[in-house]
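Quick note: numbers below take in every heavy atom, side chains included, and nothing from hydrogens, waters or symmetry partners. Quick caveat, the model's predicted, so the values are computed rather than measured.
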Amino acid sequence: MAESIKALQPLPSLGRIDVRRWFAPLAIVAAAVLAAAMHDQFPSLASYPEAATLPVQDWLSRLFDWLADELSFGLFTFQDLMDWLVAGLAVPLAVSRALLVSGIPDLGVPPLPWWAVLAIAGLVGHYVGGVRKALFACACLAFLVLFGMWHTAMQTLALVLVTVPLTAAAGFTIGVLASRWPRFEWALAPVLNVMQATPHFAYLVPVVVLFGFGAVSGLIATAIFALPPMVRCTLLGLQRLPASAFEVARMSGCTSWQSLWKVEVPEARQTILVGVNQVVNMSLAMVVITSLIGVTGLGYELLNALERLRLGTALELGVGIVVLALLLDRLTQSYANKPYIHAEPHRQWAARHAHAVSSGAVLILGTLVAVIAPPLAYFPEALELTVAPGIDVIVRWITDQLFHQLRAFNFFMLSYLLIPLRDTLENIPWVVVVAAVALAGQIVGGARLALTVGALAMMPAVVGMWEPAMRTLYMIGSAVFVCLVIGLPIGILAAGNERIGRAVTNVCDTLQTFPSFIYLIPVVMLFRVGDLAAITAVVIYAVVPVVRYTNLGLRRVPAGTIEAARMSGCTRLQLLRKVRLPLAMPEILLGVNQTVMLGLFMLAIASLIGTTDLGQEINKALSAGDVGRALTAGLCIAIIGIVCDLLLRSWSDRRKRQLGFA
């Protein structure tokens with residue numbers, strides 16, 4: 001009880017201002033404010049001088065032109081190497097598409113019948129999670145069949161089934177190497193940070209320049225995007241193994257290779273499989289985005305429907321993507337949580353692998369039926385369902401009934417809140433913004449962090465992307481503020497009531513499986529295009545981490561501390577405000593961090609509905625094939641994310657130290 005009462009003592013504050021420690025950043029801020037007031041005399045301090053801008057865009061474009069046109073290794077060129085890579089990846093992709101989409105026309109063999117794929121999915125579901133998962137898998141695929149999305153869904157699935165194993169294998173290999181060589185891990189860490197902070201769009205332009213348009217380019221872009229979580233999970237799993245595992249391997253006389261495969265990987269299995277689950281989810285999200293470079297499937301059809309404002313069809317396709325995402329997510333989650341079963345050599349191979357044998361039998365039977373009786377391979381079109389016309393009627397009714405209210409709300413938000421905020425931020429001198437970021441770094445992490453974030457904050461100005469970077473900052477700032485206003489109360493309610501907590505957790509789990517394109521549908525329906533629509537889409541997409549981490553942080557407050565607070569006479573409001581929220585602050589800050597990252601990703605997607613930020617720069621570069629512009633804009637978005645990550649993580653670590661958690 002004494003420890004619980006001690007926890008109720010006033011939490012350490014940031015302390016009195018140490019003038020000697022903060023003299024440099026405060027002097028910078030004062031000088032910046034003075035320069036802003038004297039902008040006529042010092043225009044270069046108010047607006048970054050164009051003559052000092054580095055032509056990074058041109059350098060990157062020339063680099064890729066040199067790679068594609070001039071780099072040679074003697075017997076072959078760099079472009080030859082890329083062509084061989086494309087040819088190699090086209091083989092498994094062709095096999096996957098032949099099984100699920102096209103068949104083998106030259107031999108008169110159609111693709112697998114829908115019922116055969118459904119049966120194989122049921123067997124996989126039964127293997128990883130029993131009867132309930134088998135029924136769930138069959139129900140998901142049956143939905144795609146009934147609503148006429150089978151062909152397009154199989155195009156998407158064929159690409160995912162090739163991308164995931166290749167990405168998981170590459171990420172696993174890199175993670176193992178990093179766990180063995182600390183210097184390689186040290187060099188790899190910043191690369192992974194930049195890759196995870198760079199939005200989807202930025203990967204498309206260089207991939208198109210090197211590999212062209214089509215399914216293989218989509219596969220490569222998806223693999224690059226989904227690689228970091230697999231590397232991190234593999235590295236995390238192998239580094240957190242208990243020392244006893246290595247001792248057992250050494251005592252058994254294992255070589256390094258045997259120790260890896262017989263001890264370390266089995267012990268780290270669950271963490272590594274979490275990485276595979278993340279690869280699946282990120283691959284499906286990226287496959288939808290690759291529709292912009294000609295990859296056919298559900299994402300391509302959804303993009304066409306959105307461009308034509310066929311919202312009923314778009315919503316139907318969006319639900320199809322969600323169903324496919326839920327199927328893959330739940331199956332991989334169940335496999336990750338499945339207990340490890342040791343081999344039983346006394347049993348026959350067929351008995352030990354009954355699900356694989358049954359799947360092979362269904363594969364052969366389905367192929368034979370498709371060849372002998374082709375009509376049995378396809379679901380009758382007369383039995384297909386659609387709700388798109390009904391949704392279009394509802395959308396028109398909502399638009400007609402709420403037209404004036406939505407228009408007035410849109411006008412109010414833009415005219416009195418968003419546009420003034422944007423103009424204010426754009427008119428702040430760049431030196432003031434950089435100095436403010438450096439000061440924040442000084443407060444939460446000291447001089448080294450101040451120099452780091454200050455230098456990073458200056459980069460958009462140095463590369464000539466300051467104005468779109470400020471528009472991005474205004475949009476992500478607005479969205480994160482709204483996420484906090486919405487997410488914190490929901491997280492508090494979820495932590496205070498078990499029933500509400502379970503419902504909120506289920507909703508959060510479902511929302512996190514939705515591909516980003518889905519969130520454009522309701523905002524286009526309500527607000528058409530523009531900043532308000534984009535910010536609303538970001539809020540819907542990125543609010544989940546705030547809710548989840550607030551709930552988690554409040555639930556982790558020690559019960560003894562709460563009891564001591566009650567015995568001290570705290571009301572429920574005082575208990576929340578003075579005890580639970582301060583103790584949960586480290587987790588809440590991590591949730592805000594994740595919200596910023598997800599919001600930056602969504603902003604890039606939202607450029608499709610009319611924004612003027614860095615995402616729009618990437619979108620324009622994609623249309624023009626300007627790889628330098630796309631990569632520069634993508635790196636600027638990554639810089640915003642990295643600066644927020646450094647500040648919020650440092651603040652979270654500081655709070656943990658103050659609370660005695662670290």
| query | Side chains of D531 and Y474: is there a donor and an acceptor less than 3.5 Å apart? | reply | yes
| The single option from V369, I120, V145 passing side chain to side chain contact (heavy atoms under 4.5 Å, CB included) against W115 | V369
| If every non-hydrogen atom of L118 is compared with every non-hydrogen atom of A142, which pair is closest and at what distance? | CD1-N, 3.8 Å
Using distance only, find each side-chain donor-acceptor pair of residues 80-99 under 3.5 Å and give its atom names and separation, not counting sequence neighbours.
from, atom 1, to, atom 2, distance (Å)
D80, OD2, T77, N, 3.1
D80, OD2, T77, OG1, 3.1
D83, OD1, Q79, NE2, 3.4
S96, OG, A158, O, 2.9

| said: Using side-chain contact (heavy atoms from CB on, under 4.5 Å), reason through L631 and F64 one step at a time and then give a plain yes or no. | reply: CA-CA 11 Å; L631 286 178; F64 275 82; 3.5 Å; yes
| field | F147: partners by side chain to side chain contact (heavy atoms under 4.5 Å, CB included), with sequence neighbours left out | value | F143, M149, E316, L385, V387
| remark: Value for CG (L327) from CG (L157), rounded to nearest 0.5 Å, stands at 8.0 Å
| I272 CD1 to N277 CG distance, which is reported to the nearest 0.5 Å | 14.0 Å
| note | Tightest non-hydrogen contact, residues A325 and N281, listed as O-OD1, 4.5 Å
| query | Quick one: CG on D69 to CZ on R62, what's the gap to the nearest 0.5 Å? | reply | 14.0 Å
| field | Among L219, L284, V279, side chain to side chain contact (heavy atoms under 4.5 Å, CB included) partner for V160 | value | L284
| Considering all heavy atoms of both residues, which atom of V295 and which atom of A215 are nearest to each other, and what is their separation? | CG2-CA, 4.1 Å
| Side chains of F184 and I174 in contact at under 4.5 Å (non-hydrogen atoms) | yes
| request: Provide the full list of side chain to side chain donor-acceptor pair (under 3.5 Å) pairs with a residue in residues 206-230, sequence neighbours left out, each pair given once. | output: none
| field | Heavy-atom side-chain contact between P468 and T612 under 4.5 Å | value | no
| said: Within the 4.5 Å heavy-atom criterion, are V101 and P111 side-chain neighbours or not? | reply: no
| query | Are I293 and T290 side-chain neighbours, meaning at least one heavy-atom pair lies under 4.5 Å? | reply | yes
| request: Using the side-chain contact (heavy atoms from CB on, under 4.5 Å) rule, take D329 and Q333 through it: C-alpha gap first, then chi angles, then the decisive distance, then the call. | output: CA-CA 6 Å; D329 177 69; Q333 274 190 12; 3.4 Å; yes
| Distance, nearest 0.5 Å, that separates OG1 of T271 from CG of L235 | 11.0 Å
| query | Side-chain contact, heavy-atom cut-off 4.5 Å: C138 with L141? | reply | no
| Considering all heavy atoms, the nearest T234-G171 contact | OG1-O, 4.2 Å
| request: Answer whether the closest heavy-atom distance between the side chains of V544 and T595 falls below 4.5 Å. | output: no
| Check: M465 and Q57 side chains under 4.5 Å, non-hydrogen atoms | yes
| query | Got I618 and S607 here, is their nearest side-chain heavy-atom distance under 4.5 Å? | reply | no
| field | Side-chain (S283) to main-chain (V164) donor-acceptor, under 3.5 angstrom | value | no
| remark: Heavy atoms of G275 and M230 approach each other most closely as C-SD, 3.6 Å
| task | Scan residues 621-637 for pairs that pass salt bridge (charged side-chain N to carboxylate O under 4.0 Å, His left out), counting only residues two or more places apart or in two chains. | result | E617-R629
| task | Might you point out which heavy atoms bring L598 and A542 nearest each other, and give the distance in Å? | result | CB-CB, 4.0 Å
| request: Kindly indicate whether a cation-pi arrangement holds for R269 with F172, taking the cut-offs as under 6.0 Å to the six-membered ring centre and within 45° of the axis. | output: no
| request: Find the distance between CD (Q594) and SG (C644) and round it off to the nearest 0.5 Å. | output: 12.0 Å
| request: Check the surroundings of atom CD in E381: do more than 12 heavy atoms from other residues, nucleotides or ligands lie under 6.0 Å from it? | output: no
| task | Kindly indicate, with the supporting measurements, whether the criterion side-chain contact (heavy atoms from CB on, under 4.5 Å) is fulfilled by R471 and E467. | result | CA-CA 6 Å; R471 295 191 191 105; E467 288 189 9; 3.5 Å; yes
| said: Using the ring pair (Phe, Tyr, Trp, His ring centres under 6.0 Å) criterion, which residues pair with F136? Sequence neighbours excluded. | reply: none
| request: For the pair F78 and F73, name the ring-plane relationship: parallel under 30°, tilted 30 to 60°, perpendicular over 60°. | output: tilted
| message | Among residues at least two apart in sequence or on other chains, which ones pass ring pair (Phe, Tyr, Trp, His ring centres under 6.0 Å) with Y300? | response | none
| request: Supply the atom-to-atom distance L600 CG to C636 SG, rounded to the nearest 0.5 angstrom. | output: 12.0 Å
| task | Start with the C-alpha distance between F225 and T167, add both sets of side-chain angles, then the distance that settles side-chain contact (heavy atoms from CB on, under 4.5 Å), and finish with yes or no. | result | CA-CA 9 Å; F225 177 69; T167 306; over 6 Å; no
